[in-house]
Amino acid sequence: METRELVHRIEQTFKDGVISAADEGLFPYVLIQADALKAVISFCVHDSMMRFDFLECLSGVDTGEEMLVVYQLFSTAFSHRLNVKVSIGRHGSKLSSVTGFWRAAAAYELEAAEMLGITFEGHPAPRHLLLPEDWQGHPLRKDYVFPEEYHDVEHRRPPLRKEHARP
Amino acid sequence: MGILENAFPEYVVFSQLDKAINWARENSISYLTMDLACCGVEMLQVAGGRFDIERFGAVAQVSPRHADLMIVAGTITYKMASRIRQLYEQMPHPRYVLSMGSCSNCGGMFSWEYSYSSVSGVDKLIPVDVFVPGCPPRPEALLHGLLTLQRRIAGQRVLVRDELSVVRGKDGNP
Ligand code: SF4
């Protein structure tokens, strides 16, 4: 299907669930409500016209006001693509995991969880993927403050001479 | 060396023995490669035919138990820091550390102002003998760093009592 038809199909099926959509440009997407996520993803995977059986990428975005989770879907049967965006709050945000639809989502969700502090409910093995297990904070958030020290190693390294200091 | 180390007055025989020991040490360095990032590729290059670090008696060693020198080349993350310290502690005395590249010298372009996860300098973890500047340093620069280390080893006192050893500790490191 064309991108336009895909977007319209989702818009028609989930009238209230869709916040906004763009069916052309470099990044056509459907922005949906967080509580409609599971239904929309399930529709994308199982609908006979869509059959999105491959998750190309899942990424978390901190825009400063809200958190976005972007699902980039691909169908190996029809070779069409669609991007699904979900908008959630910046604090204590929860989203249901899509590992039931694609196993590949597990690693992506771990990364988004540790970097942005989004909780994916129903993830099979929540843990840290890239950061040390006892790391505090979520580094890719806009309000992240660098650590002063980690395991007794001081983070700062002041310049040796004053005149080399950055203003 | 144990009880013999720094135990003798400065007589000719002990000074000459020191020279012989240092000569053996400086010309048979086994180095442990800690290639952590792009500098590591440049470090591997010195073992190749064009630069050939074996001319100076240094040979790569995979086990920390058999290594004399640790060449830290690349960006050190906090996750890696504990491993570096552990490997350093497994090395037998006398042990030396050469820090290669801006990242392991002071954090480089991943310095503390820009990166949350990289250690700003390997000298925050383990004592360093030679710093080689550059991003990355040319292989010649690493060879120069090795020669600098050899000169430093040549000046060490092994059997002869060293007034400074009280301050500097047994292995000559601060
Ligand atoms: S000093 Fe430069 S070349 Fe070396 S590891 Fe750091 S960024 Fe890479």
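In what follows, chains carry the letters A, B, and so on, assigned in the order in which the sequence lines appear, proteins first and then strands, with residues in each chain numbered from 1.
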Checklist entry - When only pairs under 4.5 Å are counted, which of B:Ala81, B:Gly121, B:Ser115 shares the most heavy-atom pairs with chain A? => result B:Ser115

Checklist entry - What residues of residues 135-143 of chain A sit under 4.5 Å from chain B when only non-hydrogen atoms are counted? => result A:Trp135, A:Pro139

Checklist entry - Is it the case that B:Ser99 and B:Ser104 place a side-chain donor and acceptor less than 3.5 Å from each other? => result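 Indeed, the side chains of B:Ser99 and B:Ser104 share at least one donor-acceptor pair under 3.5 Å.
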
Kindly list each side-chain donor-acceptor pair under 3.5 angstrom involving residues 10-19 of chain A, sequence neighbours excluded, with atom names and distances?
unit_1  : atom_1 : unit_2  : atom_2 : d
A:Glu11 : OE1    : A:His8  : ND1    : 3.4
A:Thr13 : OG1    : A:Arg9  : O      : 2.5
A:Lys15 : NZ     : A:Gln12 : O      : 3.2

Would you mind writing out the side-chain donor-acceptor pairs for residues 70-78 of chain B within the sub-3.5 Å range, not counting sequence neighbours?
unit_1  : atom_1 : unit_2   : atom_2 : d
B:Thr77 : OG1    : B:Met80  : N      : 3.3
B:Tyr78 : OH     : A:His155 : ND1    : 2.6

Item to check | Presence of salt bridge, A:Arg4 and A:Glu2, under 4.0 angstrom | outcome: no

Next on the checklist: One pair to check against side-chain contact (heavy atoms from CB on, under 4.5 Å): B:Val41 and B:Gln45. What are the steps and the verdict?
Outcome noted: CA-CA 6 Å; B:Val41 181; B:Gln45 175 67 16; over 6 Å; no

Identify each donor-acceptor pair in which a side-chain atom of residues 116-133 of chain A lies under 3.5 Å from a protein atom, sequence neighbours left out, and give them as a table.
unit_1   : atom_1 : unit_2   : atom_2 : d
A:His123 : ND1    : A:Ala125 : N      : 3.1
A:His123 : NE2    : A:Ala106 : O      : 2.9
A:His128 : ND1    : A:Pro132 : O      : 2.8

Checklist entry - Relative to chain A, which segment of B:Ser118 carries a heavy atom at a distance below 4.5 Å: side chain, backbone, both, or neither? => result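 Only the backbone of B:Ser118 comes within 4.5 Å of chain A.
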
Checklist entry - Quick one: does A:Tyr108's side chain get under 4.5 Å of A:Leu55's, heavy atoms only? => result yes

